[in-house]
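We count residues from 1, following the sequence as given.
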Amino acid sequence: MKYGALLFAALLAITSACGTRHPVDAQVIPPDKIMDFNFLYARNCSGCHGDDGKGGAAIGIGDPVYLAIADDTAIGRVTSDGVAGTSMPAFAQHSGGALTDEQISVIVHGIRTRWAKPDALSGAIAPPYAAETPGDAERGATAYNAYCSGCHGADGRGSKRASSIVDASYLGLVSDQNLRTTVIVGRPELGAPDWRSDIPGHPMSPQEVSDVVAWMVAQRAQFPGQPYSSALRIEGGIR
């Protein structure tokens, strides 16, 4: 009996102690109160934009050249509202996402402070992030031939050096702005140069960038990813 009593007392003491402990690492932080950039970026951005912002399925938002042409307003707007018709979702709560405006600000500020570099353009003046004048597809064909065909092929369908940029699935998944951003910034993680490096000593002008984008947009299928002809859609009742 004496042994049993002692064992009961010991178990009671352990149970009481466990019931009154409140270790710091056991506290639960509400999801909308998490303000750590590393956590927010890893959970929401790195899957497409890559670890350290170096790119992956989407452009590298940690690229200093990208950060030199895209201001915080533009980055915050895309992060908050997404891009309709593309694989970029909306992350802000007011747009149907899970993040607060404060968390969006943490992400934008963290991207800027970690990866932007004052000398990213090395004194060059980059074409503006958003087009200031409309592009012309006919002029764009000439500019494409001069700046892009060496890698992407004469018709844009790719070569041994680079992939197709007129592929229907690709053009169906990217916005006009994404095409423009890629023409200016390049995809360094894939070996694609920026607007300065296609022809050494002869960077693309803002108008040439707009024209090349207009040429690519003109290659976009009316029904991206739709394998059926317009006649079959009508006669066969496919909607």
Open item on the list: Any non-hydrogen side-chain atom of Val166 less than 4.5 Å from a side-chain atom of Asp155?
Closed with: no

Open item on the list: Can a donor-acceptor pair be found, under 3.5 Å and without considering hydrogens, that links the side chain of Arg187 to the backbone of Gly55?
Closed with: no

- [ ] For residues Tyr41 and His49, determine if any side-chain heavy atom of one lies less than 4.5 Å from a side-chain heavy atom of the other.
- [x] yes

Open item on the list: Do Ile199 and Val65 sit in one hydrophobic cluster, given that two such residues count as connected whenever their side-chain heavy atoms are within less than 4.5 Å of each other, even indirectly?
Closed with: yes

Open item on the list: So which atom in Trp115 and which in Ile61 form the shortest heavy-atom distance, rounded to 0.1 Å?
Closed with: CE3-O, 4.5 Å

Open item on the list: Is it the case that the side chain of Gln103 and the backbone of Phe91 share a donor-acceptor pair, with hydrogens and angles ignored and the cut-off at 3.5 Å?
Closed with: no

- [ ] Check the pair Arg77, Asp71 against side chain to side chain contact (heavy atoms under 4.5 Å, CB included), reporting the backbone distance first and the verdict last.
- [x] CA-CA 10 Å; Arg77 181 178 63 251; Asp71 60 21; over 6 Å; no

TODO: Mind listing the closest non-hydrogen atom pair of Ala124 and Arg196 along with its distance?
DONE: CB-CD, 3.9 Å

- [ ] Look at Asp36 together with Arg43 and state whether they make a salt bridge at an N to O cut-off of under 4.0 Å.
- [x] no

Task: Check: Gly97 main-chain N/O paired with Ser95 side-chain donor or acceptor under 3.5 Å - done: no

Task: Heavy-atom closest contact (Thr79 atom, Ile75 atom, distance) - done: OG1-O, 2.7 Å

- [ ] Taking the side chain as every heavy atom from C-beta outward, state whether Arg114 and Leu67 have any atom pair closer than 4.5 Å.
- [x] no

Task: Approximate separation, where rounding is to 0.5 Å, of Asp167 CG and Gln219 CD - done: 12.0 Å

Open item on the list: Taking the side chain as everything from C-beta on, heavy atoms only, tell me whether Thr86 gets closer than 4.5 Å to Val174.
Closed with: no

TODO: Might you confirm whether atom CZ of Arg157 has over 12 heavy atoms from other residues, nucleotides or ligands at distances under 6.0 Å?
DONE: no

Open item on the list: Just so I know, are the side chains of Val185 and Ile59 near enough to count as touching, which here means a heavy-atom distance under 4.5 Å?
Closed with: no

- [ ] Write down the atom of Ser46, the atom of Asp51, and the distance for their closest heavy-atom approach.
- [x] CB-OD1, 3.8 Å

Task: Donor-acceptor contact below 3.5 Å, side chain Asp52 vs main chain Lys54 - done: no

Task: Min side-chain heavy-atom separation Asn44-Leu99 under 4.5 Å - done: yes

Open item on the list: Do Phe39 and Val106 have side chains that approach each other closer than 4.5 Å (heavy atoms only, starting at C-beta)?
Closed with: no

Task: Minimum side-chain heavy-atom gap His109-Phe37 below 4.5 Å - done: no

TODO: Look at the side-chain heavy atoms of Ile, Leu, Val, Met, Phe, Trp and Tyr, link any pair under 4.5 Å apart, and say whether Ile184 and Ile125 land in one connected group.
DONE: no

- [ ] Kindly determine whether Val183 and Met204 satisfy side chain to side chain contact (heavy atoms under 4.5 Å, CB included), including the steps that lead there.
- [x] CA-CA 9 Å; Val183 171; Met204 297 178 74; 3.9 Å; yes

TODO: Looking only at non-hydrogen atoms, find the nearest pair between Pro193 and Ser197 and report the distance.
DONE: CB-CB, 3.6 Å

TODO: Take Arg220 and Asp176 through the side chain to side chain contact (heavy atoms under 4.5 Å, CB included) test and state the conclusion after the steps.
DONE: CA-CA 10 Å; Arg220 186 181 283 144; Asp176 294 1; 2.9 Å; yes

TODO: Show your working on side chain to side chain contact (heavy atoms under 4.5 Å, CB included) between Met216 and Val212 and close with a plain yes or no.
DONE: CA-CA 6 Å; Met216 286 191 286; Val212 166; 4.1 Å; yes

Review item, side-chain donor-acceptor pairs of residues 127-137, under 3.5 Å, at least two apart:
unit_1, atom_1, unit_2, atom_2, d
Thr133, OG1, Gln207, OE1, 2.7
Asp136, OD1, Glu138, N, 3.1
Asp136, OD1, Arg139, N, 2.7

Open item on the list: Looking at His94, I want to see if its NE2 is surrounded by more than 12 non-hydrogen atoms of other residues, nucleotides or ligands under 6.0 Å.
Closed with: yes

- [ ] State yes or no: are the ring centers of Trp215 and Tyr147 separated by less than 6.0 Å?
- [x] no

Task: Check: Pro206 main-chain N/O paired with Ser210 side-chain donor or acceptor under 3.5 Å - done: yes

